[in-house]
Student: 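Dropping a structure here in structure tokens format, bear with me for questions.
Remember, it's 1-based here, ligands and their atoms both numbered in the order they're listed. Note that the numbering runs from 1 along the sequence shown for the chain. The analysis underlying the following values was restricted to heavy atoms, covering all of them including side chains, and did not include hydrogens, waters or symmetry mates.
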Amino acid sequence: MNYPYQLTTQAAYEEAYRKSVENPEEFWAGVAENFVWRKKWDKVLEWNFTEPSIKWFIGGKLNITESCLDQWAKKQPDTPALIWEPNNPDDPGRTLTYKELLEKVIEFAVVLKNNGVKKGDRVCIYMPMIPELAIAMLACARIGAIHNIVFGGFSAKSIRDRIEDSKCSVVLTTDGVYRGTKPIDLKSAVDNALIDDTLIRRVIVYKHIDSDITMKEGRDVWWQDEVAKLQGQTLTDPIEEMDAEDMLFILYTSGSTGKPKGVVHTTGGYMVYITYTFVNVFQYKPGDVYFCTADIGWVTGHSYIVYGPLAAGATSLMFEGIPTYPDAGRFWDIVDKYKVNILYTAPTAIRSLMAFGTEPLKGKDLGSLKVIGSVGEPINLEAWQWYYDNVGKKNCPVVDTWWQTENGGILISTLAGVTPSIPTYATKPLPGVQPVLVDGNGKVLEGNNVAGNLCIKFPWPGMLRTTYGDHERCRVNYFATYPGYYFSGDGALRDENGNYRITGRVDDVINVSGHRIGTAEVESAINVQDSVVESAVVGYPHDIKGQALYAYVILDGNISEEDALQKINAAVNKEIGHFARPDKIQFVKGLPKTRSGKIMRRILRKIAEGEMNNLGDTTTLLNPEVVEEIKNHRVN
Ligand code: PRX
């Protein structure tokens, strides 16, 4: 089997790109025909970026799991769909074939139904990287419930906020997980999130590490018990027919305000877009073993561990552990053990492994690798080269894939081995993607050799449709800055050959180890502390994390700096999660402000970066004297 829409030559890419711009509807209809639809669409696209309103494959009926599972369970029942590598390398892993995965999904879909979950209900999933997480997502999709996955590193407070915003009625979790040697108690985070909660009727707990947890009578049930109840019964598949524009999932992401946004993706367009991009960017060939190291709690895992690979009938490897346990050779052991052909990881992981040198690679056979990918933040030249030389052995194209939670799938990337890779460049837009660069006033920068704010001027099927419960927020955030365009929040440059290089965020969002963190969210968390008068958080370059957080904090004088430090860290842990903790905290007497009272972050950023002599004009500030004081006490 091959993919009729797979582009295998540069000329085919160029031709597809041209068609996708000249006649997008015909182009995408041609791709969409390769999926399982219960009823074909009446119209391919209706859109405007003013409201915004974006609809793809209007009138089409489907259930995404029929493309992801049923078709392959018939055509290739014994092909591995998911390979699971556990945290502990001595534990046996698990492989689920397409036939087995379909059976498990139907079984758990029945469990969800038996527990009162209906089409349209929102289900919060707070689970580690085990096959049951993928089963849970697909079972939700099977019955038309909308999943809202919360990454396992988020705090109880973050779980609660997401449950409340999306009005979930059920939570799926486990008793815990080991990350390396450290046990993490996921269930108690859920319990803390649900104190005084009135929305959640049911918590279904998968027993994973056999830890000692409390189950709340009447609310909590064990996953395994619910499945056991079905033994001996003939199950009726509770599959629902969905509209192409029905919601598939909500995924919260940080922006420039204190509150995360629930990005909404729908069914038909998302399915078509992520599968098209999966097959083309990675040049997946049937039989390949594909390993994406992301966590399913982030969009990369949604699109490129679960839905995209499965809709392509691929074999997707999911890994529960961390890259440095039991040692820094773990990724390479996995590649060797399963003969991985395609590896997709993040610059922060590459940099952290680089720090161990090439010793952990010795004796590991990486000869199966054909393609190596990167996502989540700009990849610096050094990391790119190390990855290319030592992992790809100068033999594998590197695909630097640029995209965002809101995009659903990859927008700008090399197609592996088909279009040229250029170090640190994402290179060319995928067919169907029409990027533009604009200046600060929204003027489109024509031609090549220009740099500006990266926008997209035409819809693609995988894009977000709204932000949950607040469409205005979606409009203001993405479509109002430069009317007529989707604005990414990233800066980019276009070289003389039309290749794009992403230069990073131009708003108050920082990518820390590939985790997207809004500085306003961290400030709100810090400000929860009574003794904090005001705070400002900015990003600064970090060797491994890419960027790290630097917080400037004004205290009220009733607390020692030592205590404040401890309390602030605890507050960020509690409000968001440990990964959002600032690396540096400086206590200051004042923050530089404009005459209208706005914090001059530009100056704080420069100081955090160590560029003290290049602060620009500070004389127009309301309080120029604080700048000297901040400079003198900068945390190194
Ligand atoms: O700044 C860009 C950066 O990650 C942001 C999106 O983060 P998130 O929604 O969490 O999704 C991450 C995984 C898709 C973008 O606005 N980013 C992502 N990929 C790249 C990148 N920056 C540079 N190069 C990339 N390849």
Side-chain angles (χ1 to χ4, degrees), residues 149-151 153-154 249-256 260-265 270 273-274 277-278 281-282 292-305 307-308 344-351 372-381 383-384 387 398-414 421-430 433 435 453-456 462-464 467 477-478 481 486-493 499-519 521 539 541 545-547 579-580:
I149 303 186
V150 181
F151 167 63
F154 275 113
F249 66 84
I250 307 167
L251 185 57
Y252 283 82
T253 190
S254 293
S256 317
K261 302 177 284 271
V263 168
V264 170
H265 285 288
Y270 174 80
Y273 191 72
I274 54 161
T277 50
F278 170 73
V281 167
F282 300 107
C292 168
T293 70
D295 191 292
I296 291 176
W298 307 106
V299 74
T300 306
H302 283 61
S303 300
Y304 296 115
I305 294 179
Y307 289 114
Y344 190 27
T345 191
T348 186
I350 299 168
R351 285 189 300 262
I372 54 179
S374 167
V375 62
E377 52 178 309
I379 178 164
N380 51 310
L381 185 58
W384 193 101
Y387 196 32
V398 176
V399 289
D400 177 0
T401 63
W402 175 77
W403 60 295
Q404 314 174 288
T405 304
E406 294 84 346
N407 305 155
I410 298 164
L411 294 192
I412 303 183
S413 173
T414 298
S421 302
I422 307 170
T424 75
Y425 279 73
T427 72
K428 295 278 166 102
L430 271 282
V433 176
N453 296 332
L454 178 57
C455 297
I456 315 287
M463 73 187 296
L464 88 164
T467 43
N477 261 286
Y478 306 107
T481 317
Y486 165 84
F487 175 42
S488 66
D490 279 325
L493 61 84
N499 290 300
Y500 287 86
R501 179 181 200 209
I502 312 301
T503 47
R505 300 288 308 193
V506 294
D507 56 7
D508 292 324
V509 173
I510 317 281
N511 289 318
V512 179
S513 301
H515 297 330
R516 182 166 153 181
I517 301 175
T519 53
E521 259 180 79
K545 300 179 178 189
Q547 284 203 292
F579 63 89

Student: Minimum heavy-atom separation for Arg351 to Ala383, with atom names?
Tutor: CG-CB, 3.9 Å
Student: Of all the non-hydrogen atoms in the protein, which one sits nearest to atom 2 (C) of ligand 1, and at what distance?
Tutor: Asp490 OD2, 3.0 Å
Student: Does the ring center of Tyr270 lie less than 6.0 Å from the ring center of Phe249?
Tutor: yes
Student: Numbering the atoms of ligand 1 from 1, which are under 4.0 Å from a heavy atom of Thr300?
Tutor: 13 (C), 14 (C)
Student: List ligand 1 atoms under 4.0 Å from Ile502, heavy atoms only on the residue side.
Tutor: 22 (N), 23 (C)
Student: Can Gly376 be said to touch ligand 1, with heavy atoms closer than 4.0 Å?
Tutor: yes
Student: Which distance, rounded to the nearest 0.5 Å, do you find between the CG of Asn499 and the CD1 of Ile422?
Tutor: 3.5 Å
Student: Short N/O distance, under 3.5 Å, between Asn511 and ligand 1?
Tutor: yes
Student: Examine ligand 1 and decide if any of its atoms is less than 4.0 Å from a heavy atom belonging to Trp403.
Tutor: yes
Student: Under a 3.5 Å distance rule, please check whether Thr348 uses its side chain to pair with a backbone N or O of Gly514 as donor and acceptor.
Tutor: no
Student: Please list, in number order, the atoms of ligand 1 under 4.0 Å from a heavy atom of Thr401.
Tutor: 19 (N), 20 (C), 25 (C), 26 (N)
Student: Please confirm whether the ring centroid of Tyr273 lies under 6.0 Å from the ring centroid of Trp403.
Tutor: no
Student: Quick test: of every protein heavy atom, which one is nearest to atom 8 (P) of ligand 1, and how far off is it to 0.1 Å?
Tutor: Thr405 OG1, 3.5 Å
Student: Any side-chain to backbone donor/acceptor pair from Thr427 onto Thr414? Under 3.5 Å, distance only.
Tutor: yes
Student: Run the numbers for me: atoms of ligand 1, each under 4.0 Å from some heavy atom of Arg516, listed by number.
Tutor: 6 (C), 7 (O), 8 (P), 9 (O), 10 (O)
Student: Note the single closest protein heavy atom to atom 23 (C) of ligand 1, along with its residue, its atom name and the distance in Å.
Tutor: Pro378 N, 3.1 Å
Student: Is Arg505 close to ligand 1, meaning an N/O of one under 3.5 Å from an N/O of the other?
Tutor: yes
Student: Answer yes if the side chains of Thr401 and Tyr344 hold a donor-acceptor pair under 3.5 Å, and no otherwise.
Tutor: yes
Student: Which is closest to atom 25 (C) of ligand 1 in terms of heavy atoms, His515, Glu377, Gln547?
Tutor: Glu377
Student: Under 4.0 Å from a heavy atom of Asp400: which atoms of ligand 1 are those, numbered in the order shown and with their elements?
Tutor: 24 (N), 25 (C), 26 (N)
Student: Using side-chain heavy atoms (C-beta onward) and a distance below 4.5 Å, is Val512 in contact with Phe579?
Tutor: no
Student: Within the 4.0 Å heavy-atom shell around Val375, which atoms of ligand 1 are there?
Tutor: 13 (C), 14 (C)
Student: Where is the tightest heavy-atom contact between Thr424 and Trp384, given as atom of each residue plus distance?
Tutor: N-CD1, 3.7 Å
